[in-house]
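Quick notes on the structure that follows.
Just so you know, ligand 1 is whichever comes first in the structure, and atom 1 is the first atom listed for that ligand.
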Amino acid sequence: MPVNPSDPSLRSFIEARPDSDFPIQNLPFGVFSTQSSPQKRVGVAIGDFVLDLAELEQRRLLAPAGGETHVFDRASINAYMALGQKVWSQTRAKISELLRHDNPTLRDDKALRETVLVPRSGATMHLPIEVMGFTDFYSSREHASNVGKMFRPQGEPLMPNWLHMPIGYNGRASTVVVSGTPVRRPNGQMKPPQANAPTMGPSRRLDFELEMGVVVGQPNKMGSPISMAQAEEMIFGFVLLNDWSARDIQPWEQPPLGPFQAKAFATSISPWVVTREALAPFLVDGPVQEPAPLPYLSRQAPQNYDIGLEVALSSDKGETVISRTNFKYMYWSSAQQLAHHAFCGCAMRVGDLLGSGTISGPEKHERGSLLELSWNGTEPLTLQDGAQRTFLEDGDTLILRGAARGEGYRIGFGECAGTIRPAVALATGER
Ligand code: MN
C-alpha cells in the first residue's frame with residue numbers, strides 16, 4: 001500500500017517545528033543558488049533546509065524525466081512542470097520517501113546529506129517559474145463590491161457581467177519579480193477629478209493587492225477549450241502574489257480597455273510554489289453561485305482552498321498586521337478562471353501565471369488592499385508606532401504570508417515581500 005505524501009502522521013528525520021511552513025507534507029518547489037554554488041537549480045523546502053533536487057537527479061536518486069534527461073539543473077521549474085500530473089505525483093512521493101524518518105538513504109549518509117541539504121538561511125531564492133504570460137482576475141465578490149460602492153455610490157456594487165464570468169485582464173509577465181526585489185514607485189499620468197488637465201509624476205496612491213497566483217503546469221492547444229476537470233489538472237500549484245497598483249494612475253487610464261500602467265510596473269510572488277497536491281486536503285466549497293454559471297463554468301466538486309492569509313506593513317519603526325483574510329472566500333475558483341480563459345480557444349502555456357484577484361473577506365479587517373482598508377484614503381490606518389497610512393510611503397515594506405492549517409502542522413507559503421523605493425526623478429523642465 002503506497003504511503004500518501006499528504007498523510008498528517010508522516011515524519012521526517014529533518015525536524016520541522018509545528019509552526020514551520022515546510023513540514024514533510026508540504027514539499028514546495030523553488031529555484032535557488034548558494035554562494036559556493038551560484039548556478040540556479042530546483043529545490044524543495046523542508047524545515048529549515050532546501051533539498052537540492054539537481055544534486056539528487058545527478059546521483060540518480062530522482063529521475064522524473066527518465067533516463068539521462070535532467071530537469072532540475074535549470075533556472076526555472078517549467079521543464080519539470082511540462083512532464084505532467086503523473087510525474088508530479090510520482091516525484092512528490094519519491095521526495096517524501098527520501099525525507100521520511102525511517103528511510104536511511106539520506107538520514108544515515110552524512111556526506112550525502114551535507115551535499116543535498118542546504119540551510120535555507122544560506123540560499124538565495126530566485127523567480128521559480130519562467131513566466132510566460134500573466135493574467136490578473138477580479139474574483140472576490142467582497143472586493144469587487146467594495147470598489148463598486150466607492151466609485152459608483154449611486155449604482156449596483158457589481159457590474160452586470162460580474163456574476164456570470166471571472167473578469168480579468170492580460171497583465172505583464174516581464175515585470176513579475178520574486179519576493180525581496182525592491183519595487184520602484186511608478187511615474188505615470190493622472191488626473192484628479194477636480195483638475196481640468198492631466199499631469200505626470202510619481203504615483204501618490206501606491207497600493208498593494210493581496211492575491212494568490214496560480215501556476216499553470218500544462219498547456220492546451222490554441223483553438224481547443226478545456227473542461228473544468230482538465231483545468232484543475234493543468235494547475236501545478238500556488239504562490240502568494242502582490243499585484244502592486246497605482247490608484248491615481250488607474251482611474252484615468254482604465255476606461256475603456258482596463259488597467260494598463262497602473263499595474264504594469266511590478267508584480268511580486270513568493271519563491272516557493274506549493275503544489276495543488278499538497279493543498280488537496282484543504283479543499284472546501286466556495287460561495288454559492290447564484291445565478292448558476294453557464295455549463296462550461298459549472299463546478300462539480302469543491303474547488304476553493306482554506307488558506308489563512310495576512311498582510312503586514314513594516315517600516316523602520318516596526319511591523320503592523322493590517323489585514324487577515326482567507327483564500328476560501330473567492331467567488332470564482334482558479335479552475336473556473338482557467339476554464340474561462342481557454343474557452344475562446346486561447347492557448348495556455350506551461351509557466352502561465354494567473355492572479356486570483358484581490359482577496360477580501362466580509363469583515364473590515366479582511367480587506368485585501370489599502371484602497372479598501374482606508375476606504376479610498378478617507379479612513380487612515382494607524383500603525384503600531386502611531387504613524388498613519390492611507391497609501392504606501394517610500395521605505396515601507398509590505399509582506400504577505402499564508403498557510404493552510406492541519407492538525408499540528410501547516411502547509412505554508414513563506415513570505416512575499418517588497419520594499420518601496422522612490423520614483424525615478426523626472427528631468428526638470430519637462431511637464
Ligand atoms: Mn489585481
- Rounded to 10 degrees, what angle sits at the Mn ion (ligand 1) between D136 OD2 and D243 OD2? 80°
- Considering only N, O or S atoms, which atom of E211 is nearest to the Mn ion (ligand 1)? OE2
- Item | N-O pairing of K263 and E211 below 4.0 Å | no
- Task: Name whichever N, O or S atom of E209 ends up nearest to the Mn ion (ligand 1).
- Result: OE1
- Task: State plainly whether the residues R247 and E209 are in salt-bridge range, i.e. N to O under 4.0 Å.
- Result: yes
- Would you mind checking if D306 and R405 are paired as a salt bridge, meaning a charged N to carboxylate O distance below 4.0 Å? no
- Message: Closer than 4.0 angstrom, basic N to acidic O: yes or no for D19 and R410?
- Response: no
